[in-house]
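Take a look at the structure set out below.
Remember, it's a predicted structure, so these values are computed and weren't measured experimentally. Numbered from 1 within each chain, the chains take letters A, B, ... in sequence-line order.
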Protein chains: 2
Amino acid sequence: MNPNDLLTIGDLARRTGLTPSAIRFYEDKGLLQSHRTGGNQRRFLRSDIRRLSFILIVQKLGLSLEEIGEHLRSLPQGRTPSSFDWWKISEAIRESLDRRIAQLQSLRDNLDGCIGCGCLSLKTCKLYNPDDVAAEGGPGPRVLR
Amino acid sequence: MNPNDLLTIGDLARRTGLTPSAIRFYEDKGLLQSHRTGGNQRRFLRSDIRRLSFILIVQKLGLSLEEIGEHLRSLPQGRTPSSFDWWKISEAIRESLDRRIAQLQSLRDNLDGCIGCGCLSLKTCKLYNPDDVAAEGGPGPRVLR
DNA sequence: GCTTGACCTCAAGTAAGCTTGAGGTTGCAT
DNA sequence: ATGCAACCTCAAGCTTACTTGAGGTCAAGC
């Protein structure tokens with residue numbers, strides 16, 4: 001297969017383990033782009049395999065598609081992203097991951113004092129009020145980020 | 001207020017910061033029970049304040065209501081939970097929290113090697129396949145637990 | 001006894017991240 | 001030229017964790 005060949009959505013699905021519907025969904029959300037054939041079918045670049053892999057990996061780290069989109073928009077438009085481009089993104093993600101780990105650790109460290117004692121006072125509980133971390137958030141599932 | 005007084009749903013809401021609708025929702029899900037007055041209104045025990053506080057706190061640690069329910073079902077039925085009861089639960093939760101932190105740490109440690117290098121090979125990526133961690137999961141939002 | 005706020009139920013809406021299905025088109029092989 | 005898999009769009013459904021609203025009842029103060 002020539003490196004200039006374009007991939008169908010099915011090809012891309014097979015290479016990434018995603019379903020075509022998921023890929024269309026991501027395109028809808030602006031996480032990748034496609035060209036169209038005369039007959040209106042999508043054609044993708046080979047570099048989109050990497051792009052989707054990135055999405056899958058970073059999703060496992062707990063980032064939302066929204067957040068992933070922001071990172072992806074920092075990639076260069078028009079040229080295939082270089083190693084350095086990806087490295088810059090991975091740095092940014094590692095930092096937020098570090099923050100989340102630290103947060104979870106401090107929550108854990110307060111767990112015994114807070115629940116273990118049985119007092120469970122919402123007013124004094126460090127766990128419940130660790131500096132207003134993850135305070136609001138509107139409707140929908142609330143996940144610690 | 002006498003310790004034997006029952007609380008209305010509004011009282012409980014005020015004491016916990018939850019809305020009445022959220023409390024009804026939790027009752028629906030079996031996370032707490034209520035008695036009813038002759039006029040079909042809910043009445044709660046004072047120990048339900050603690051129960052709800054527990055739910056709120058543990059939610060911040062990232063557990064789903066489903067998981068929280070499982071923990072709560074391990075509490076004694078019929079008697080007010082003791083400090084020791086709560087302590088046992090907090091131990092169990094701390095352990096799963098520890099596991100999650102360890103998982104995140106190993107993901108982070110692989111981040112540079114995996115994304116940073118730009119290869120992003122799904123087959124060889126440790127990040128993507130850290131022993132099938134968080135593998136499947138059906139529809140709906142996928143969050144690393 | 002009457003008003004008023006708090007309560008009740010049930011249905012529908014919201015957000016995220018997709019899937020599933022209906023109804024129709026394309027593209028490749030024979 | 002035709003058959004069939006793969007593609008297309010658009011609408012609706014699913015899960016989690018709730019909220020909002022409609023339409024109606026209860027309880028407590030005056």
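Heavy-atom distances under 4.0 Å link DNA chain C to B:R24 of residues 19-29 of chain B, given in residue order.
When distances are taken from the side chain of A:S64 to each of C:dC18, C:dC7, C:dG17, the shortest belongs to C:dG17.
One can place CG of A:L7 at 15 Å from C1' of D:dC7, the figure rounded to the nearest angstrom. A straight line from CG of A:L65 to P of C:dT19 spans 11 Å, rounded to a whole angstrom. Atom CG of B:L12 and atom C1' of C:dA6 are 15 Å apart (whole Å). Taking atom CG on B:L32 and atom C1' on D:dA17, their separation rounds to 15 Å, with Å as the unit. One interatomic measurement links the two molecules: CD of A:E66 to P of C:dG17, which rounds to 8 Å at whole-angstrom precision.
Contact check, A:T8 against D:dC7: a side-chain N or O comes under 4.0 Å of OP1 or OP2. At C:dT9, one or more side-chain N or O atoms of B:R36 fall inside 4.0 Å of OP1 or OP2 (strictly under the cut-off). Phosphate proximity of D:dC8 to A:R42: present, with a side-chain N or O under 4.0 Å from OP1 or OP2.
Within the structure, salt bridge (Lys or Arg N to Asp or Glu O under 4.0 Å) contacts touching residues 33-44 of chain B (residues at least two apart or in different chains) are B:E27-B:R42.
When the C1' atoms of four end pairs are superposed on the next four at each end of the helix from C:dG1-D:dC30 to C:dA15-D:dT16, using five pairs per end, the two resulting axes differ in direction by 30°, to 10°.
With sequence neighbours left out, the side chain to side chain donor-acceptor pair (under 3.5 Å) criterion links A:D85 to A:R79, A:S82. Shown here are the side-chain contact (heavy atoms from CB on, under 4.5 Å) partners of A:E70, two or more places apart in sequence or in another chain: A:E66, A:R73.
Residue contacts for A:R14: at a heavy-atom cut-off of 4.0 Å it reaches no nucleic acid atom on any strand shown.
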Could you pull out the protein-nucleic contacts involving nucleotides 25-30 of chain D (nitrogen or oxygen on both sides, under 3.5 Å)?
{"from": "D:dA27", "atom 1": "OP1", "to": "B:T37", "atom 2": "OG1", "distance (Å)": "3.3"}

### Message
side-chain contact (heavy atoms from CB on, under 4.5 Å) for B:R100 and B:L97? Distances and angles first, verdict last.
### Response
CA-CA 5 Å; B:R100 210 158 77 244; B:L97 199 51; 3.9 Å; yes

